[in-house]
2 protein chains.
Amino acid sequence: MSTKNKILDAAESLFADKGFNGTSLREITSQAEVNLAAVNYHFGSKKELIKAVMSRYMNELSPRLEIALTQVCEQDSPSLIEVFSAFIDPLLSLNDFKNNGTSNFLQLLGRGYTDSQGFLRWFLTTQYPGVIDNFVLAVQKAYPQLSAEEMFWRLHFTMGTVVFTMSSSDALIDIAKSDFERDLQISDVIRNVIPYVAAGVGAPMPVAIRS
Amino acid sequence: MSTKNKILDAAESLFADKGFNGTSLREITSQAEVNLAAVNYHFGSKKELIKAVMSRYMNELSPRLEIALTQVCEQDSPSLIEVFSAFIDPLLSLNDFKNNGTSNFLQLLGRGYTDSQGFLRWFLTTQYPGVIDNFVLAVQKAYPQLSAEEMFWRLHFTMGTVVFTMSSSDALIDIAKSDFERDLQISDVIRNVIPYVAAGVGAPMPVAIRS
DNA sequence: AAGCAGTTTAAACAAGCGTTTAAAATAACG
DNA sequence: CGTTATTTTAAACGCTTGTTTAAACTGCTT
């Protein structure tokens, strides 16, 4: 395996575990068993390494996601459950691409949204706008009464639910095992969260708040 | 104002803005206009300072929250909307206690859950278990069909929604202003999120998943 | 006024950080 | 084989971090 990939793999699992700020280049290069300077040689800087780790997943995920969401949009009257369920297969396919891929990617997403002053939010919205657009279209088709403003809020709430849940999914799976004697996988967590967010987004429109 | 309180105030707003790991003692003491060594003299360590900042709010909030949740439980058949609405007044009362109190506290809560490897989760569940117990009881009364396991998941999803939303509430309020020309407050965000989480927690029980 | 506890201060400490350098090792190619 | 290019390496750089030290200062009591 190439030095570059050894670094990417080590960085990925460490970033997922301890966040971007919480992981040092020395930890990464030592787990990857490469020299410290290799990161700056191959990637330029730590920030570029973070981007590279995220891009590796996004390039795999975003086309599958766009296809799945487009297919939902082509239905006559898709339900919100169907919209959100469109994420399942693309996300789980990351496990074929790499061990613990789904779990790592979702944790990274969570880290990126809270670490680093919203840098990842900028990165995703500017580099992969297609996914977001397709998603908004699908939700609009499934729940046309939802106003643009209400949609804005609920999609952010959903982002929060998913991102937070996934960034702490390891802990949740542990608790579920000790409290309920259930051996769950990340795929179970995904399937669990879908009815929740679908119901949240599908909540009835409130009567007007203020002027 | 005492040195101790100057430090607490500066730390609070900086922690809320940039996270616990992202804020240095030098930033705190310089904004508080006190000597660098004052933190270690008055609080012992940075970790103890974090606890002190959180405790100041929790000691104010948790009794009000317990009262409000108990009142909801005393109703005949409370709705989930009523359960979650019980949080509004106690949370907003933090604004009387301190400028931007509500917003700061909720952002701190978000930071604490993602920074620092779940240290805050431990801190809250061990130091303030009463709030969680009361909350679970209220949800149980409002939605008795919810199994313990499903309850566990949905409360964590809710935690995620709230914590994530609030930790990025400043950005959301900014976007809402530029995109929809609305001048929102943290109280509006709270009111917006309640129908969402109430619907999420109140989602119909799915048919059994696996063994 | 002298002594003393409590507090503040400037300075230094050791450790960790991301990054850079220049030499050594390896690979690729005419 | 010899000569470039590419990659790896050890060492150091400058900087920031949380914490500690010991001296200076404060306000109070006897």
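By convention in this document, chain letters (A, B, ...) are assigned in the order of the sequence lines, proteins followed by strands, and residues within each chain are numbered from 1.
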- Message: Judged by each residue's nearest nucleotide on DNA chain C, which is more toward the 5′ side, A:Leu25 or B:Arg26?
- Response: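 In this pair, the answer is B:Arg26.
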
- Near DNA chain D, which residues from residues 35-46 of chain B have a heavy atom under 4.0 Å away?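 B:Leu36, B:Ala37, B:Asn40, B:Ser45, B:Lys46 - these, ordered by number, are the residues of the stretch whose heavy atoms sit under 4.0 Å from the strand.
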
- Run the salt-bridge test on A:Glu149 and B:Arg182 with the 4.0 Å N-O cut-off and return the result as yes or no.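 Answer for the salt bridge query: yes.
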
- With under 30° as parallel and over 60° as perpendicular, where do the rings of A:Phe105 and A:Tyr57 fit, or are they tilted in between?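 Rings of A:Phe105 and A:Tyr57: tilted, 30 to 60°.
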
- Is the A:Trp153 ring parallel, tilted or perpendicular to the A:Phe157 ring (thresholds 30°, 60°)?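 A:Trp153 and A:Phe157: tilted rings.
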
- Quantify the bending of the helix from C:dA1-D:dT30 to C:dG30-D:dC1 as the angle between its end axes, each fitted on five pairs, to 10°.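 Axis-to-axis angle, ends of the helix: 10°.
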
- Base, sugar-phosphate, or nothing for B:Thr23, non-hydrogen atoms under 4.0 angstrom?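 Since only primed, P, OP1 and OP2 atoms lie under 4.0 Å of B:Thr23, the category is sugar-phosphate.
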
From [atom1] of [X] over to [atom2] of [N], roughly how many Å is that when rounded to an integer?
X: B:Asn5; N: C:dT8; atom1: CG; atom2: C1'; value: 17 Å
X: A:Glu48; N: C:dG18; atom1: CD; atom2: C1'; value: 14 Å
X: B:Glu33; N: C:dA10; atom1: CD; atom2: P; value: 13 Å
X: A:Asn21; N: C:dC17; atom1: CG; atom2: P; value: 12 Å
X: A:Lys47; N: C:dT19; atom1: NZ; atom2: P; value: 10 Å
X: A:Leu49; N: C:dT19; atom1: CG; atom2: P; value: 10 Å

- Message: Using only atom types and a distance under 3.5 Å, with no angle test, would you say the side chain of B:Asn95 pairs donor to acceptor with the backbone of B:Gly101?
- Response: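 Judged by distance alone, yes, a pair lies under 3.5 Å.
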
- Please state whether the phosphate of D:dT7, meaning OP1 or OP2, lies under 4.0 angstrom from any side-chain nitrogen or oxygen of A:Thr3.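 No, no such contact exists.
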
- Task: Give a yes/no on whether any side-chain N or O of A:Ser24 is located under 4.0 angstrom from OP1 or OP2 of C:dG16.
- Result: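 So the side chain of A:Ser24 is outside the cut-off, no N or O lying under 4.0 Å from OP1 or OP2 of C:dG16.
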
- Message: Using the rule given for salt bridge (Lys or Arg N to Asp or Glu O under 4.0 Å), can you reason through A:Glu60 versus A:Arg56, listing the C-alpha separation, both sets of side-chain angles and the distance that settles it, and then say yes or no?
- Response: CA-CA 7 Å; A:Glu60 189 76 12; A:Arg56 197 163 60 145; over 6 Å; no

- Task: Assess the side chains of B:Tyr196 and A:Thr158: does a donor N or O sit below 3.5 Å from an acceptor N or O?
- Result: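 Yes, a side-chain donor-acceptor pair sits under 3.5 Å.
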
- Under 3.5 Å, is there a donor-acceptor pair between the A:Gln107 and A:Ser103 side chains?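 Yes - a donor-acceptor pair under 3.5 Å links their side chains.
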
- Query: Would A:Phe164 and B:Phe164 count as a close aromatic pair, with their ring centres under 6.0 Å?
  - Reply: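 Between A:Phe164 and B:Phe164, the centre distance exceeds or equals 6.0 Å.
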
- Item | Derivation of the side-chain contact (heavy atoms from CB on, under 4.5 Å) call for B:Leu14 and B:Gln31 | CA-CA 9 Å; B:Leu14 285 169; B:Gln31 169 157 331; 3.7 Å; yes

